[in-house]
Every structure is written in C-alpha cells, then in structure tokens.
2 protein chains.
Amino acid sequence: MKKYIPTLKRTKLFSGLVDDEIISMLSCLGARLCSYKKGEYVLRQGEHLRDITVLVSGNLHIQKDDYWGNRSILGQISVGEMFGEAYVAPESEALINDVIATEDSAIILFDVRRIITTCPSACRFHSLVVQNMFFAISEKSRKLVQKLEHMSKRSTREKLISYLSEEAKKQNSSVFTIPFNRQQLADYLSVDRSAMSNELCKMRDEGMLEFAKNNFKLF
Amino acid sequence: MKKYIPTLKRTKLFSGLVDDEIISMLSCLGARLCSYKKGEYVLRQGEHLRDITVLVSGNLHIQKDDYWGNRSILGQISVGEMFGEAYVAPESEALINDVIATEDSAIILFDVRRIITTCPSACRFHSLVVQNMFFAISEKSRKLVQKLEHMSKRSTREKLISYLSEEAKKQNSSVFTIPFNRQQLADYLSVDRSAMSNELCKMRDEGMLEFAKNNFKLF
DNA sequence: ACAATTCGGTTGTATTTACAACAGAAAGTG
DNA sequence: CACTTTCTGTTGTAAATACAACCGAATTGT
C-alpha cells in the first residue's frame, strides 16, 4: 500500500498530512487495498457499504442500467477521488448505482466508523481527516448540483453549452479536453448520441466552437 | 430561539441530544435566528457562506433563473432541514442558486467553523453533532443522486413515472401527496408544464394513475 | 498488414416536446 | 357576492428529439 502514499497525499481526504502521518493513519483507520481489471465491477447496485473508498490508480465510472437496459453514466471517478461516502451512514439505503473500472484500477478502503469516531489512541491527525472528509463531501455535493444544472436544460444544445462552458471554466481555458467520448458524453447528459453529434456539428458550423475527438475550443 | 428547541430536537443535526444539550450547543455554536416574509430571498446566488442553516419554520425553495429567465426549482426545503452545508468550505466557490421563502419562514444559522473545530471548552456533544452533520450531508447527496435519476430519463412520461414511483415509495403508499403544484413539478423535472399536464392526463386515461390537485394514486 | 471492432458523423422518419393561446375551475379579495 | 387572480387542462403547430440504419475513419488485435 505504501507505493500509493504520494497519491494519497494529493487527495482531499489526506490533504495537509505528511507521509509519516498518512502511514500512521492507514493503520489507524484499518485501510485495505483492492485491485480490479478493466471492465470489472467495483461496487454493485444493492450493496450496503461501510467503507469510504479512494481510487489510487485507474479510472471508474458510476453508472446505472434501468429497467429497459438504457445505461446512464452518472459520473466518473479519477485517481485521488473518494467515493461511497454517501452510503455509509448507519441507516443509509443500499447503493443504487454500479461502479465499474474503465481501466485496471486500485482502490483503498476505510471503515467510516473508524474515521468518524475519535480513536482511543487519540491519533493526532484524526480531526484533520474528519474536516477534510467534510469538505470533500461538500465539494461533491456542489458537483452534483452542477450536473443537475446541465441536466435541467431543456434542449441538447443548451445542455452542451452548459457542460462545455463549465468544462472550459474548470480547465481555465477556451481550449480543453473532456473525459468522455461521444457516447459517454451523450449518456452523461442523457441525450441521444446521434442527435448530440448532429447538434455539435451545427454549433461548429455556426462558429461557436471547434473540436477534434475529445479536444474542444470555444469561441 | 428557545421556542424552536422542539423543532431542532427533531432535526438530523441535533438528533440524539436532549433539550439542555441543545441549549448549550446553541450558545457553544453561536447560533443566530433570522426571519423572512413570504417571497423574500434567504440566500442569493453569488454569496459566500460561512454558516450552516436549519429551517425552523416555513418553507423554502432552492431555485435558479438562467440567462433567459427560465426558472428551475432545484429543490424544496421543509422545516427541520439543513442547507448551505455544501458551500461553507474555506475554498468553496460562491453559491450558485437562490433560496426563497415560499411562506413566512425562520432559520437558525451556525458558523461551520465552530461546528467542525472541537471547542476549547470541550463541549461534550460536539462530536455527536459532527457525526450527525456528516450523516445529514450524506443523505442529501443521496437525494441529489435520486433527483439526477429522474432528470436523466429521456421523456416526460418516464420522468413522471420515476418521480411518482419514488414519492410513493417514500410515503410508503400508492396514495400520496406531492409538495408541488403543476408548474413547480414541471420546473422540478425540467419539462414544459402543459406537455406534462397532457402526459399526466394520458397516463390517467390509460389507467396508470389517478389524481386530484396534489393527491395521487398509482395503479 | 489485414481483419475486426469501435467510434463519429450523417440522414430520414416517426415521435415527442415546446410554445402560445385559450377556457373553465378554484382560490383569494374587497 | 362579484371580481380578480391563479391554477389546470386542452388544442394545434412548429421545432426538437429519438431511433434506426449506414458509412467512412480510426483503433485494436493478431
């Protein structure tokens, strides 16, 4: 697990801690490492969670297949991101999504009760981790709200504008790369791929933007 | 502020605390009470928050007016619910929504830094409140995800089915009341009111459900 | 290098939605 | 009780979307 210390140091959860502090937190929190091959399920709908998880290698998608087999990609998890924190409360319902590895991936699991309960050995950095966790989950809430904003747009074009504007703002440039291919982006915005492709090309023809594969430029 | 103790006792944030403990927490956390008339803004887009807020009387809507004046109701806050917690982190961006009183309302504000930092006087219930806050924000995340699920449905009908099914499940009955009128429900699901009304009536004619005003019955 | 597969763009058609406009019912007001 | 305002359902039309089907380009695997 030690080889992931540099990765962990850059996560929100362990922000502000130095190597030695993280090492002691790992044992204090009873961390466990798990690996998955590309395409494997990391979590399945219906599971009950007790662990907060950090992706330390690879890439994951949060997705859901409905009754009729339509797949929605609800989000994407990059290295260093935390997930599962919304489902670890004692009275939480079961997980309602699947989490799938889109590349070979590794995660580290932490029992939430060890995080949230001050440890008997009075580990010094515990309260900092609790604060970090709070701020991290806050930030995720904000992201959910932002995605809701894209989704609440009525037309495909408006959804695209909303998404691309935000991505440009996030990457601080009118030239940027998105983490989705066309089908994934369509799933993320819950629109039809071909209709979206069509709309993107119209927008390009109108001089609003340019793109090549996942690289975009807004005007 | 004391008259709201029974209300606070039933909130997620103060769950598990008795009256005296809540009273001491109120001063420990430096709580403040604010009142608003129906229609007044409680929070405005662009504000930076330091306070976590609990609604102790009335009703609020979280909403957003876009560029072209289209209003989306992103959510609704009932008595006892907490809000603002996603925007209080030190590096959080500004609030991106408005919060408006739909009835005369009262809120109690808590400086988040006092909650999250163990108080010097070692107030006994502090860590319980921190845990409660964590579980509350977790639950809100789950709700956001559920709303995202409704929104990710492609058609008005599917959105309605998704929303109404969940509402029935939530209220544990095929007969239930929704907290929105037609226009508000349409805004919540981001669809056109008349199209939605139309679809509801078609579904009624097909024998899927019955309704009168805000009361629904599913078959 | 070749075959197989994935990916992105295009088109036509059937379906669905948005929008505007209106009318009756319900609720609020003086 | 009139009057006004808000709410809900209805309709027709224009616009947008979903869907299926296809093709060429790019990518992958052997």
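To find a chain, count down the sequence lines: A is the first, B the second, and so on, and within it residues start at 1. Side-chain atoms are counted along with the backbone in the values below, which use heavy atoms only and exclude waters and symmetry mates.
- Spacing between atom CG of Leu160(A) and atom C1' of dG9(C) amounts to 15 Å, rounded to whole angstrom units.
- Ring orientation note: the planes of Phe110(A) and Phe14(A) are tilted relative to one another, at an angle of 30° to 60°.
- In this structure, the CZ atom of Phe211(B) is 14 Å from the P atom of dA26(C), given to the nearest Å.
- Side chain Arg204(A) to base dG9(C): no donor-acceptor pair is found below 3.5 Å.
- Comparing dA18(C), dT17(D), dT10(C) by their nearest atom to the side chain of Thr156(B) picks out dA18(C).
- Using a 4.0 Å heavy-atom distance criterion, Ser155(B) is classed as a sugar-phosphate-only contact.
- Between Asp192(B) atom CG and dT17(D) atom C1' the separation is 15 Å, expressed in whole Å.
- Looking at heavy-atom distances under 4.0 Å, Asn181(A) makes contact with sugar-phosphate atoms alone, never a base.
- Of the candidate nucleotides dC19(C), dC19(D), dA21(C), dA21(C) has the atom lying nearest to any side-chain atom of Arg193(B).
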Practice problem: Check the pair Glu139(A) / Lys12(A) against salt bridge (charged side-chain N to carboxylate O under 4.0 Å, His left out), numbers first and verdict last. | Solution: CA-CA 10 Å; Glu139(A) 190 182 341; Lys12(A) 309 265 182 204; 3.1 Å; yes

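- For dA25(C), the OP1/OP2 oxygens have no side-chain nitrogen or oxygen of Lys213(B) closer than 4.0 Å.
- Atom NZ in Lys153(B) sits roughly 16 Å away from atom C1' in dA18(D) (whole-Å rounding).
- The distance from atom CG of Asp187(B) to atom P of dA18(C) is 12 Å, rounded to the nearest whole Å.
- Set against dA18(C), dA18(D), dG8(C), the side chain of Asn214(A) has dG8(C) as its closest nucleotide.
- Across the interface with DNA chain D, nearest-nucleotide mapping of Arg182(B) and Arg157(A) shows Arg182(B) to be the residue nearer the 5′ end.
- Residue contacts for Ser194(B): at a heavy-atom cut-off of 4.0 Å it reaches a base atom on one of the strands shown.
- Looking at Thr53(B) and Asp51(B), their side chains never bring a donor and an acceptor atom within 3.5 Å of each other.
- Following rounding to the nearest Å, Leu185(B) (CG) and dG9(D) (C1') show an atom-to-atom distance of 15 Å.
- Side chains of Thr177(B) and Asn215(B): a donor on one and an acceptor on the other come within 3.5 Å.
- Rounded to whole Å, the distance from CE on Met196(A) to C1' on dA16(D) is 16 Å.
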Practice problem: Tell me, with the steps shown, if Lys217(B) and Glu210(B) meet salt bridge (charged side-chain N to carboxylate O under 4.0 Å, His left out). | Solution: CA-CA 5 Å; Lys217(B) 180 175 170 64; Glu210(B) 277 176 2; over 6 Å; no

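- Between the CE atom of Met203(A) and the C1' atom of dA16(D) there is a distance of 15 Å, rounded to whole Å.
- Taking for each of Ala195(B) and Ala195(A) the nucleotide of DNA chain C with the nearest heavy atom, the 5'-most of the two is the partner of Ala195(A).
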